[in-house]
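Quick notes on the structure that follows.
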Amino acid sequence: MPELPEVETVTQGMANKLVNKRIQSIKVRRYDLRWPIPKNFEQAMQGALIKNIKRRAKYILIETDKEYGMLWHLGMSGRVKISEHPSKPPAYEKHDHVQLILQDGTWIRYFDPRRFGTIQLVKDHDFVKNILLGHLGYEPLSPDFNAQNLLKGIKNRKSPIKNLIMDQRLVVGVGNIYACEALYDAGIDPNCPGCEITKDRADILCKSIKKVLKNAIRAGGSTLKDYRKSDGNLGYFQYQFNVYDQADKDCKKCSVKILRIMQAGRSTFYCPKCQK
DNA sequence: CTTTGGGCCTGGACGC
DNA sequence: TGCGTCCAGGCCCAAA
């Protein structure tokens with residue numbers, strides 16, 4: 001379920017546990033992810049010192065002192081398991097595809113049933129070229145993502161606004177859940193064509209996207225501690241959705257039933273009365 | 001150029 | 001218990 005808040009939470013959790021530690025051993029159990037893990041992955045990362053871990057869009061970038069760093073993407077079902085304390089790793093579970101063990105005994109695993117995610121090797125040059133300056137749009141929590149720039153991106157588009165805010169080329173990290181939640185918060189009909197969004201409403205939508213994502217990150221940060229104690233998974237937490245997956249339930253503001261429709265092959269949930 | 005739809009995978013929920 | 005169908009949080013790519 002990783003959207004930006006989940007990836008941010010996972011990234012922070014990994015940074016806390018891994019930075020300034022050295023990789024002692026690596027095991028790739030399955031190479032055939034969405035894009036295959038390179039054949040030289042184990043050899044390339046063996047003995048690497050992890051220097052820094054950061055997020056860009058829904059990618060996790062792990063910088064090392066070697067020629068290559070790592071780029072992780074969780075796809076639809078990817079999770080990161082990490083030991084609470086340095087310890088011997090437990091038996092592998094099905095879908096544990098990659099394991100790293102650090103010199104202090106901390107272990108970390110990439111788990112992904114659907115294998116829509118990936119782990120790649122990247123050089124610093126690639127980080128910039130492919131990720132930072134690639135097709136990816138604004139980071140939603142940065143000041144660059146504002147009403148003016150949002151409007152510029154949608155004013156000539158006929159697509160529904162919901163699909164536009166999920167387009168990585170405009171703004172990154174907003175997936176199906178938070179697109180629905182942000183539009184509900186903003187009181188905007190997800191069907192509204194981009195070209196019909198006014199400057200004032202673009203400003204409201206921008207603020208709603210930031211608000212919803214920040215709230216989710218905060219929720220992740222607080223429940224993360226509890227959850228990690230139990231089973232070591234990072235970034236999967238309960239979040240109280242107002243509309244997502246709430247079809248036929250009463251809108252919290254007006255009690256009208258929440259609708260579920262399909263847009264570009266994805267489910268959209270919204271309140272037909274509060275969202276115009 | 002924009003927009004739509006299919007595909008990648010596995011697994012869980014549901015109806016019969 | 002089993003079997004079929006639908007659906008799922010991302011993303012790319014071909015086709016219209």
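Being a predicted model, the structure only gives us computed values, none of them experimental. Just so you know, these numbers use all the heavy atoms, side chains as well, and skip hydrogens, waters and symmetry mates. Convention: sequence-line order gives letters A, B, ...; per-chain numbering from 1.
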Salt bridge (Lys or Arg N to Asp or Glu O under 4.0 Å) between A:Lys58 and A:Glu6, intermediate numbers included: CA-CA 9 Å; A:Lys58 295 172 195 167; A:Glu6 290 78 11; over 6 Å; no
With a cut-off of less than 4.0 Å, is there a side-chain N or O of [X] near OP1 or OP2 of [N]?
X	N	value
A:Ser77	B:dT10	no
A:Lys158	B:dT3	no
A:Gln168	C:dG10	no
A:Lys94	B:dG11	yes
A:His73	C:dC11	yes

Residue met sooner reading DNA chain C from 5', once A:Tyr59 and A:Asn176 are mapped to nucleotides: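 Closest to the 5' end, via its nearest nucleotide, is A:Asn176.
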Sugar-phosphate only, base, or nothing, as touched by A:Gly265 at under 4.0 Å among non-hydrogen atoms: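 A:Gly265: no heavy atom of the nucleic acid under 4.0 Å.
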Sugar-phosphate, base or nothing in reach of A:Arg34, heavy atoms under 4.0 Å: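 Since a base atom lies under 4.0 Å of A:Arg34, the category is base.
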Counting side-chain heavy atoms from C-beta on, which of [options] comes nearest to [X]?
X	options	answer
A:Arg114	C:dC11, B:dC9, C:dG9	B:dC9
A:Met76	C:dC12, B:dT10, C:dA8	C:dA8
A:Arg260	C:dC7, C:dG9, B:dT10	C:dC7
A:Lys58	B:dT3, C:dC11, C:dG9	C:dC11

Test your reading of the model: is there a side-chain donor-acceptor pair from [X] to the backbone of [Y], 3.5 Å cut-off?
X	Y	value
A:Asp65	A:Leu49	yes
A:Glu3	A:Ile177	yes
A:Thr106	A:Leu102	no

Ring-face cation of A:Lys162 near A:Tyr270 (centre distance under 6.0 Å, axis angle within 45°):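 Not flagged: A:Lys162 not positioned over aromatic ring of A:Tyr270.
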Partner nucleotide, any strand, of C:dC11 [Watson-Crick/G-U, under 3.5 Å]: B:dG7
Nucleotide opposite C:dC3 in a Watson-Crick or G-U pair, distances under 3.5 Å: B:dG15
Stacking of A:Phe116 on B:dC8 base (centres under 5.5 Å, planes under 30°): yes
